[in-house]
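The structure under discussion appears below in the form of structure tokens.
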Amino acid sequence: MATTIARQIPPTVGRRLAAWLHRRPAVRAAGLLAGPVGWLVVVYVGSLLILFLNAFWSRDAFSGATIYEPTLRNFAELLDDPYPGITARTVLMAALVTVTCAALALPVAYYMARVASPRIRNALVVAVIVPLWASYLIKVYSWRLILAEQGILNWALAPLGLRGPGFGDVAVWLVFTYLWLPYMILPVYAGLSRIPDSLFEASADLGARPWMTIRRIVLPLAMPAIVAGSIFTFSLTLGDYIAPATVSTTIFIGNAIFSNFGAGNFPLAAALSLVPLVIVLLYLLVARRLGAFEAL
Amino acid sequence: MRSRPLISLGATLALLVAACGGGTSGTPAPSLPTSLGPGEGALTVLAWPGYAEDGSTDPAVDWITPFEQETGCQVTVQVFGTSDEAFTLFQTNPEQFDVISASGDASLRLVAGGFVQPINVDLVPSYKEIFDSLKDRDWNTVDGVHYGIPHGRGANQIMWRTDIVDPAPTSWQAMFDPNSPYAGKFSVYDAPIYIADAAVVLMKTRPDLGIKNPYALDETQFAAAVDLLKKQKPAVGEYWVDYTKQIDSFTNGNTVIGTTWQVIANVLQASGVPVETRKPEEGATGWSDTWMVNSKTKHLNCAYRFLNHITSAEVNIQIAEYFGEAPANRNSCALAQNPDHCAIFHAEEDDFWKDVWYWTTPTERCLDGRTDVKCKGFDEWVKAWTEIRSG
């Protein structure tokens, strides 16, 4: 009897805790999730909440001190010039960039997913991902050098008697499209890879020409993936302020937020920050309808 | 000797009055230190680029290391690009920066917000050597209380590429003409305070507006200035805050004429870009900076020693020559590496500065003394600038 007891492993604190947790799956799950969920709530939701609260304060124009009396003045100001114009321009740019990215991503992703040999496919996936490793600032400033008056583009076009677009709205559009294209290609590539070969064969058997197959099979099945990609391209464009400041003289919502923050008007900056937030939320609602979340 | 007791009595009374009167506004009661103790070993400086060089930009340009060796105060430097950025940094990190080089469009806000403390100028020996025309000015002294040591001054000048722009511009209007052959290549400072530059032009071209001070603009005057800037917008090649951005675009020809700081022209000339600068005939906006001390500093002794070091003749002239501005220390001109430096920057000519409008924070109470109208406060300037930029 005594020998059997001695052979048993002594119940350490850790073992007892493990046994106790084993009997209580709910506590176990809570313990596991407390860290990440706490992080989400405190860091993500918490900062958003503070942002939201700030939008209701105002500030003393001269001393810059924040006045902690709830007011809707900042929101009223959002409806005043120039903010509606800036918002419209930003949304338009985001839409334009998204459409361009989709138009460019579709053929590339289709080639990668359905045409290219495995070796080329891998090379292309690497080529799409590598730019994401480079610093954002390096990429934006490279575009500055490309588009500059005495930059590479004008130098290359000079023999043809042409000139690049220079700095401006077109430059912003180009830079954004370049920056966010991988975020569109990757989900579309994943989406197209998932289309079963049998569908293409069936389409061909039924006499559909390639264009018909693309229109009736590929596009409808790729749509959720495109919408998923567009969530990235759209929301990233909506919030960016560095690219426009680097290659143009126009300003977008991000720049307006930045300049108000720079001038110390945090309440108005906070109210302005809620604009892209609301737009993205609306966009996400539409995207969910279109099945984008299943394609992510 | 006889008057000594009277003076100390007067000083005590003044202190008492000040102590009782304190707390009513954001301005703290002046409780000046009367002597300096040993340094605290550390100091954090918020400065314009080029003001607090520790050899990291250029090993040959270093006046912080000698200070560290002499006082044992290890200096950390952060630079800023606009007065608004400096003010925001100070406001959001109220205890981080011990001293700041504040231009006039930040200094008064810092005083009003209670962010900086009064200075006992007797503890800063360099103060005696500062040009009188820089002492007791609106942006460094409030109600007779000194809030800092003047550092230097400069004018925002016009710069142009001599190989492209011909003839050389003599007026700011070269930058406001949308039909100019150089339209699309104007380089403009990206800050609300730039509205004052338009006002300086209007002082000359639209005398009917009656602008007396470019920082005191009533409704009509302000609208005219904003309008001028909106017309300029399509011709602007680049708005710059980061001075390296202007250097870059003047180098690659994206902009060929613009408003600048002399230091930028110096860097460009040193790298072989043919540029020239001038104070245009209308006069110019400019800056007169003041070294101020955080009201919450924990390194007061280091801060006072720094103020004295940075405004001393030997250091003041190094900064002035490096940054390209007029030094504040009267004795510094004799120590200049370039014997003509003070002449080039008109350090000793009070006449030159008559039409230089130092950056000042616009307030609703008109700075030019008018009481029958309300002027546009700084928030309106910020909003108008956003509007101009978004046009």
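Convention: sequence-line order gives letters A, B, ...; per-chain numbering from 1. Only heavy atoms go into these numbers, but all of them, side chains included; no hydrogens, no water, no symmetry mates.
Near-neighbour residues of residues 71-80 of chain A relative to chain B, defined by a heavy atom under 4.5 Å from a heavy atom of that chain, comprise A:E77, A:D80.
Contact annotation for B:T251: only backbone heavy atoms (N, CA, C, O) come within less than 4.5 Å of a heavy atom of chain A. Contact annotation for B:E85: only backbone heavy atoms (N, CA, C, O) come within less than 4.5 Å of a heavy atom of chain A. For chain A, the nearby parts of B:V236 are the backbone and the side chain; heavy atoms of each come within less than 4.5 Å. Residue contact with chain B, scored on non-hydrogen atoms closer than 4.5 Å, involves the backbone of A:T246 exclusively.
Each of A:L236, A:T233, A:V140 was checked for a side-chain contact (heavy atoms from CB on, under 4.5 Å) with A:L179, and the lone residue meeting it is A:V140.
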key: side-chain contact (heavy atoms from CB on, under 4.5 Å) assessment of B:S107 paired with B:V111   = CA-CA 6 Å; B:S107 61; B:V111 172; 5.5 Å; no
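The side-chain tip of B:R389 points at the ring of B:Y239 from less than 6.0 angstrom away and within 45° of straight on. A cation-pi contact, defined as under 6.0 Å to the ring centre and within 45° of the axis, links B:R109 to B:F378.
Highest contact tally toward chain A, considering only B:E238, B:E380, B:K185, B:E364, is held by B:E238 [criterion: heavy-atom pairs under 4.5 Å]. Of all the listed residues (B:V382, B:T92, B:D248), the one sharing the greatest number of non-hydrogen pairs under 4.5 Å with chain A is B:D248. Of the listed residues B:D84, B:D190, B:N252, the one with more heavy-atom pairs under 4.5 angstrom with chain A than any other is B:N252.
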Which atom pairs, donor and acceptor, lie under 3.5 Å between side-chain atoms of residues 271-280 of chain A and protein residues at least two apart or in another chain?
| unit_1 | atom_1 | unit_2 | atom_2 | d |
| --- | --- | --- | --- | --- |
| A:S273 | OG | A:A269 | O | 2.7 |

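In this model, no donor atom of one side chain and acceptor atom of the other lie less than 3.5 Å apart for B:D105 and B:T360.
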